[in-house]
Asker: 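Have a look at this one.
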Amino acid sequence: MRIELLRMRAGYERLAVQRSACRLAGELRPESLVAHVRDRLGSAGLGWLGGGLQALRRYPVLLSILTSVVSNRRRRGIALKTALIAGLVWLGRARS
């Protein structure tokens, strides 16, 4: 009787480990990791950063353009000025 109870307990523990592994695999998918980071940023008051990450994930060409502009020393100053102007325009439109 004791051996059968130990076998049954081992079976339940194997099922628990299997469920935990499946749950962990689901939580480590890129979509769920990005959603978790976005939620954390939103709760910290940085929701705009999460929106930017979501836009970069949705449109990978934006990330490519951004890295090529920032990595080029000659274009870095122009890129910063353009980003500053775009940010000011966005703030002006958001307030009106």
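Numbers for residues simply follow the sequence, beginning at 1.
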Asker: Taking only residues two or more places apart in sequence or in another chain, which ones pass side chain to side chain donor-acceptor pair (under 3.5 Å) with R29?
Answerer: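 Scan of R29 (side chain to side chain donor-acceptor pair (under 3.5 Å), adjacent residues dropped) gives E31.
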Asker: Do L5 and Y12 share a hydrophobic cluster (ILVMFWY, side-chain heavy atoms under 4.5 Å, transitive)?
Answerer: yes
Asker: Please determine whether the number of non-hydrogen atoms from other residues, nucleotides or ligands lying under 6.0 Å from atom CD1 of I3 exceeds 12.
Answerer: no
Asker: Not counting sequence neighbours, list each pair that qualifies as a salt bridge (Lys or Arg N to Asp or Glu O under 4.0 Å) and has a residue in residues 5-19.
Answerer: E4-R7, R9-E13
